[in-house]
Amino acid sequence: MRWPARLNVVTGKGGTGKTTVAAALALALAADGRRTLLIEVEERQGIAGIFDRAPLPYAERPVAVGYPGTASEGGGEVFALAVDAEEALLEYLDLFYRLGRAGKALKKLGAIDFATTVAPGVRDVLLTGKVKEAVTRTENGHRVYDAVVLDAPPTGRIGRFLNVTAETARLTKVGPIKNQSVGVAAVLRSPVTAVHVVTLLEEMPVQETADAVAELHRLDLPVGNIVVNNTQAPLLPKGKVGQTELRKGLVAAGLPATKGVVTGLLDEAKAHLVRGGIEDQLRAELEALGRPIVELPALAEGMSLDGLYALAGVLLDARLDDDARVD
Ligand SMILES: Nc1ncnc2c1ncn2[C@@H]1O[C@H](COP(=O)(O)OP(=O)(O)O)[C@@H](O)[C@H]1O
Ligand SMILES: [Mg+2]
């Protein structure tokens, strides 16, 4: 069986549903007894919020059963991790320089702050380095995670965040940071990775999606799916709504069909059709980007854990992107 990318990076304009889609994708990829890791890097504790948990530490913790939500039906495990740049740096120093306690002392001295705030390129290498480590980690010859989903920075910052080698090349020519960034760049540009872009059917997010896809192509980063979130099925069939037709319908339903009611409904119907036309136009713009499109419905009852599993089911049915699959 073919399966989507092992590293799924989820970006999108802020507020379009990045965290929601990343979480739903982690549930979907944990169907059939698989194990996934959902990672966030922006210190927002968005994952804890979605799964109704206390703030996540810098440690991998199980947060949910995979789709459809019970182990007896094949649901595997979803783990979550909130990556903290300082902790990642300490771990890194320990790994490469066996600094251990000395690293903690460095942190007290403020040296760590310097590294993470003054050199954002290094910060991104540490964050993406941790992601790569989780993607490639094995235990007794087996992969620890079947898939990793990253709730990534928004479209405006995604190119710089993922283009780690370019950023660090300016800072360091040799040494472990350089090697680390080369390794990360190789994974990000390999077929195991897919960068998915979340959007809404609105002008600004669609424009940002187009810009992000162009930038990712330019940086040679693999674009996965475009996920159109929060969609609504049209209430009316396409075409015109006639006054006579409307009045007849109201009468047939035993409802008042006064002039006021008819013109009021007619205005609403027209506005709805205009909106539908704009959405068709935006869908066409998204299709022109040449990537597979998955539409997720707006959950009528608002967000809930059940709703999240429902979105996971839609993602699973869509079977995601053929190009972005690995065996
Ligand atoms: N398909 C959906 N149906 C209903 N509400 C949604 C849907 N997707 C996202 N939301 C809600 O929209 C808000 C923004 O989503 P979120 O995933 O936090 O966005 P982002 O991470 O891009 O800022 C949240 O309140 C979330 O619950
Ligand atoms: Mg978010």
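The first residue in the sequence is number 1, and the count goes up from there. Counting convention: from 1, in listed order, for ligands and their atoms alike.
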Closest non-hydrogen atoms of Gly69 and Tyr309, given as atom of the first, atom of the second and distance, are CA-CE2, 3.5 Å
Starting from atom 18 (O) of ligand 1, what is the nearest protein heavy atom, named by residue and atom, and what distance separates them?
Thr19 CB, 4.2 Å
Protein heavy-atom contact under 4.0 Å for atom 11 (C) of ligand 1?
no
Proximity flag Ala298 to ligand 1, non-hydrogen atoms under 4.0 Å:
yes
Exercise check, heavy-atom protein proximity under 4.0 Å to atom 24 (C) of ligand 1
no
As an exercise, identify every atom of ligand 1 less than 4.0 angstrom from a heavy atom of Asn229.
1 (N), 2 (C), 7 (C), 8 (N), 9 (C)
Which protein N, O or S atoms sit under 2.8 Å from the Mg ion (ligand 2)?
Thr19 OG1
Common cluster, Leu255/Val241, ILVMFWY with side-chain heavy-atom separation under 4.5 Å
yes
Contact between Leu296 and ligand 1, counting heavy atoms under 4.0 Å?
no
Stepwise side-chain hydrogen bond (donor to acceptor under 3.5 Å, both in side chains) test for Asn163 and Arg218:
CA-CA 11 Å; Asn163 197 27; Arg218 203 165 52 239; over 6 Å; no
Which of the atoms of ligand 1 are close to Gly17, meaning less than 4.0 Å from one of its heavy atoms?
15 (O), 16 (P), 17 (O), 19 (O), 20 (P), 22 (O)
Measure the distance from atom 26 (C) of ligand 1 to every protein heavy atom, then report the residue, atom name and distance (to 0.1 Å) of the closest one.
Thr20 OG1, 3.8 Å
Among all protein heavy atoms in this structure, tell me which lies nearest to atom 22 (O) of ligand 1, with the distance rounded to 0.1 Å.
Lys18 N, 2.8 Å
So for Pro297 against ligand 1, with non-hydrogen atoms under 4.0 Å, the contacting part is backbone
For Gly46 and ligand 1, answer yes if some heavy atom of the residue is under 4.0 Å from a ligand atom, otherwise no.
no
What protein heavy atom lies closest to atom 14 (C) of ligand 1? Include the residue and the distance to one decimal.
Gly15 O, 4.0 Å
Nearest heavy atoms of Val198 and Thr209, plus distance in Å:
O-OG1, 4.2 Å
Can you list the steps and then say if Lys238 with Asp280 is a salt bridge (Lys or Arg N to Asp or Glu O under 4.0 Å)?
CA-CA 11 Å; Lys238 282 185 186 142; Asp280 286 347; 3.3 Å; yes
Does the distance from a Lys or Arg side-chain N to an Asp or Glu carboxylate O, for Glu202 and Arg283, drop under 4.0 Å?
no
Counting from 1, what ligand 1 atoms have a heavy atom of Leu299 closer than 4.0 Å?
2 (C), 3 (N), 4 (C)
Common cluster, Ile158/Leu200, ILVMFWY with side-chain heavy-atom separation under 4.5 Å
no
Mind running side-chain hydrogen bond (donor to acceptor under 3.5 Å, both in side chains) on Glu60 and Tyr145 for me, showing each step along the way?
CA-CA 11 Å; Glu60 291 152 39; Tyr145 294 108; 2.6 Å; yes
In terms of hydrophobic clusters joined by side-chain contacts under 4.5 Å, are Leu305 and Val314 together?
yes
Can you tell me if Asp146 uses its side chain to pair, donor with acceptor, with the backbone of Arg34 under 3.5 Å?
no
Could an N or O of ligand 1 be found under 3.5 Å from any N or O of Met303, whether backbone or side chain?
no
For Asp151, which part has a heavy atom under 4.0 Å from ligand 1: side chain, backbone, both, or neither?
neither
Can you tell whether the side chains of Lys248 and Glu245 come within less than 4.0 Å, N to carboxylate O?
no
Which residue, Val148, Val78, Leu7, forms the side-chain contact (heavy atoms from CB on, under 4.5 Å) with Leu37?
Val148
Test your reading of the structure: does Gly302 have an N or O sitting under 3.5 Å from an N or O of ligand 1?
no
Would you confirm whether Arg291, through its side chain, and Val223, through its main-chain N or O, come within 3.5 Å as a donor-acceptor pair?
yes
Show, in sequence, the C-alpha distance, side-chain angles and deciding distance for Val83 and Glu40, and conclude whether the side chain to side chain contact (heavy atoms under 4.5 Å, CB included) test is met.
CA-CA 6 Å; Val83 181; Glu40 71 182 344; over 6 Å; no
